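Here is the naming used below: chain letters follow the sequence lines, and residue numbers restart at 1 for every chain. None of these values were measured; they are calculated from a predicted model.
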2 protein chains.
Amino acid sequence: MGVSLRDVALLAGVSVKTVSNVVNGYAHVSAATRAKVEYALSQLDYRPNLSARNLRLGRTGVIALALPELDPPYFAELSRFVIHAAAGHRWIVVIEQTDGSLERERQVLDGVRDHRVDGVILSPVAIGAEELAARIDDTALVLLGERIYDGPADHVAIDNVRAAREVTEHLAGLGRRRVAALGVQDDPATGTAALRLAGYAEAVAAHGLPRLTAAVERYSRAEGAAAMARLLAEPEPPDAVFCFNDLLALGAMRTVLSSGLRVPEDVALAGVDDIEDGRFSTPTLTTVAPDKAELARTAVELLRRRVDGGPGGPPREVRASHRLVVRESTVGPAQTPSPA
Amino acid sequence: MGVSLRDVALLAGVSVKTVSNVVNGYAHVSAATRAKVEYALSQLDYRPNLSARNLRLGRTGVIALALPELDPPYFAELSRFVIHAAAGHRWIVVIEQTDGSLERERQVLDGVRDHRVDGVILSPVAIGAEELAARIDDTALVLLGERIYDGPADHVAIDNVRAAREVTEHLAGLGRRRVAALGVQDDPATGTAALRLAGYAEAVAAHGLPRLTAAVERYSRAEGAAAMARLLAEPEPPDAVFCFNDLLALGAMRTVLSSGLRVPEDVALAGVDDIEDGRFSTPTLTTVAPDKAELARTAVELLRRRVDGGPGGPPREVRASHRLVVRESTVGPAQTPSPA
DNA sequence: CTGAAAGCGCTTACAG
DNA sequence: CTGAAAGCGCTTACAG
């Protein structure tokens with residue numbers, strides 16, 4: 001192996017403890033001793049062995065971020081923020097892709113008991129609140145997403161119902177009379193689709209508008225495109241569509257445009273997530289932007305509390321902020337730079 | 001802490017060594033002993049402490065995947081494959097975002113010496129071959145990307161010159177007479193832009209076509225859009241553009257469409273990377289698809305060799321395969337499903 | 001086939 | 001302010 005504390009101690013003519021003190025920046029080391037040790041440290045180019053330190057300290061310095069998949073833009077963007085936030089706590093982040101499988105989600109949770117990671121930030125898909133409650137005795141865990149609210153672990157999410165209501169109201173406020181909701185799913189009451197549908201329903205009811213919905217299996221461009229095609233095929237197609245995420249909206253946009261209709265003139269479109277793609281689509285996409293940095297920071301801080309403080313009180317439900325970002329897909333081109 | 005080998009040994013009435021043998025699946029354990037041990041193991045729900053095992057074994061079970069950023073779709077998609085490939089070697093993957101900073105790249109490389117990770121898969125931006133050679137004495141390292149060829153470490157990439165030639169030839173073969181290259185940069189001879197420009201130059205020269213180029217600072221949609229605007233503003237604009245990656249191409253597409261021109265009728269567009277976005281843009285995007293799974297698998301295997309085998313011979317230069325995927329942005333709609 | 005013991009490198013009471 | 005020693009949990013020669 002490499003250079004150990006013992007090697008440094010030998011060279012500096014002090015004890016291992018003293019070297020450890022210097023390395024860890026403890027006070028109460030005489031200037032002379034410190035100088036000797038620091039000289040030896042640099043002379044030998046000492047690097048602490050993190051495996052040893054972690055064994056001693058009973059931690060790993062690693063946390064897991066478990067997502068269904070990494071490549072949907074929303075998850076990739078969120079991951080970036082989580083990695084940054086974790087670095088601030090001297091944690092490195094292992095990305096675990098669960099593919100939404102129950103078995104994989106269980107494995108990730110086991111990572112804590114295997115001393116593989118100090119804690120887990122999980123965006124659950126398959127695992128239920130009951131099983132979670134049963135298996136996370138001492139597992140530091142923070143939940144993300146819309147799957148489990150008021151569950152057995154800390155949870156951070158935006159206010160989905162309010163966000164959905166706001167987008168729908170924006171659409172209605174533009175004078176649209178047939179505002180559809182695209183992305184309905186047969187999920188539990190606290191699922192993403194259910195919450196966004198609830199917010200949509202509140203808004204259309206308040207405006208006395210009809211309720212139009214299109215269901216999907218997955219939140220992908222392809223499903224968004226197909227669902228939009230079904231909406232357009234109806235006798236009275238919508239003049240605005242609130243898509244439950246940006247990917248669906250981008251797929252829907254493709255369908256609208258390729259059927260010769262215009263966005264937003266014929267159909268206004270809005271999504272959720274504020275992924276980068278929507279800023280560069282033609283037209284650019286109106287969306288709900290969750291504060292991803294805040295989401296990430298909060299999740300990491302909650303995890304830090306659990307790791308440091310043991311059990312530490314009942315699970316916390318935290319709301320992160322969001323804002324409506326209005327772009328061309330609902331209000332038309334503003335000052336789009338017209339090339340040539 | 002939790003349950004240790006010693007606790008299991010006590011309960012089973014055997015030595016720690018024997019429990020370790022059973023846990024690690026060594027042969028030569030009598031059936032009776034094995035049964036006793038396994039009973040105790042499950043009774044106590046034993047979990048090996050990976051920190052301890054790693055300290056003893058001198059490894060961490062973690063590798064780093066260091067990329068400039070995670071959210072460009074190409075990197076997100078590639079990461080997913082790397083994580084899968086690494087799992088096959090019982091490695092978990094820490095994603096390190098370097099932001100292209102030299103300091104961050106150095107830190108990541110230090111991770112090996114800190115016993116934080118067993119090895120690093122790095123897509124370098126700032127660090128040069130010379131510095132790399134100087135600092136990677138015993139660091140297991142595999143390079144990705146186009147920045148460093150024939151450097152001091154193993155390297156995997158597709159054949160960029162050939163790929164660029166193939167796309168350009170596809171464009172020329174369609175009868176386009178003014179094929180531009182979008183994405184030129186002032187980078188070293190082995191940089192992405194230089195290699196793709198070389199392939200492009202070979203092809204246009206072979207077809208007796210003029211050489212038209214547009215430079216960019218970064219490979220983003222925004223820069224692609226801006227560079228395309230400059231090309232369209234020229235007296236004789238191109239009728240086809242080979243964009244050095246898909247993001248640039250998607251940006252360019254936005255510019256072409258919003259200036260009232262058609263893709264591919266007026267301007268054919270092609271990119272590189274085969275990111276998912278290009279499969280759902282309007283029109284869908286012709287591109288060079290690197291075999292990302294092969295890239296990832298090869299990188300992980302090379303790393304495994306270095307970690308297991310010590311130095312193990314001179315650096316290897318490996319080519320991963322790619323293929324041209326022809327879509328609407330060069331040949332027009334084929335059987336696009338026309339809704340309603 | 002199984003056991004007793006050493007040691008990986010670190011941190012931390014406990015003395016002095 | 002500094003040192004000698006124990007111990008985190010594991011694996012591995014070395015015996016028997």
>> When you measure from the centre of the six-membered ring of B:W91, is the NZ or CZ of B:R304 closer than 6.0 Å and no more than 45° off the axis?
In response: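 So B:R304 does make the cation-pi contact.
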[atom1] of [X] versus [atom2] of [N]: gap in Å, rounded?
| X | N | atom1 | atom2 | answer |
| --- | --- | --- | --- | --- |
| A:N21 | D:dG3 | CG | C1' | 11 Å |
| B:R34 | C:dT2 | CZ | C1' | 13 Å |
| B:N54 | D:dT12 | CG | P | 12 Å |
| B:L55 | D:dT11 | CG | P | 11 Å |
| B:L50 | D:dC8 | CG | P | 18 Å |
| A:L10 | C:dC10 | CG | P | 13 Å |
| B:K17 | C:dC1 | NZ | P | 12 Å |
| B:N24 | D:dA13 | CG | C1' | 15 Å |

Could you please name the option among [options] that lies closest to any side-chain atom of [X]?
| X | options | result |
| --- | --- | --- |
| A:S15 | D:dC1, C:dG9, D:dA4 | D:dA4 |
| A:T33 | D:dC10, C:dA13, D:dC1 | D:dC1 |
| B:S30 | D:dG9, C:dT12, C:dT2 | C:dT2 |
| B:R56 | C:dT2, D:dT11, C:dC10 | D:dT11 |
| A:R53 | C:dT2, D:dC10, C:dT11 | C:dT11 |
| B:A52 | C:dT11, C:dA4, D:dG9 | D:dG9 |

> If you look at every strand shown and take non-hydrogen atoms under 4.0 Å, does B:V14 touch a base, only sugar-phosphate, or nothing?
Replying inline: sugar-phosphate
>> Return the CG to CD1 distance between A:L78 and A:I275, rounded to the nearest 0.5 Å.
In response: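 Those atoms lie 13.0 Å apart.
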> Going by an N to O cut-off under 4.0 Å, is there a salt bridge joining B:R80 and A:D99?
Replying inline: yes
>> With a 3.5 Å limit on both atom pairs, tell me what D:dA13 is paired to, counting Watson-Crick and G-U wobble, or say none.
In response: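 Here D:dA13 is not engaged in any pair, so there is no nucleotide opposite it.
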> What does C:dA4 pair with, Watson-Crick or G-U, if both distances are under 3.5 Å?
Replying inline: none
>> With a 4.0 Å limit, can you tell me whether A:N49 has a side-chain N or O closer than that to the phosphate oxygens OP1/OP2 of C:dC8?
In response: no
> Under 4.0 Å between a side-chain N or O of A:T18 and OP1 or OP2 of D:dG3?
Replying inline: yes
>> Among A:V8, A:V19, A:T33, A:V22, which residue satisfies the side-chain contact (heavy atoms from CB on, under 4.5 Å) criterion with A:E38?
In response: A:V22
> Does B:T98 use its side chain to pair, donor to acceptor, with the backbone of B:R104 at less than 3.5 Å?
Replying inline: no
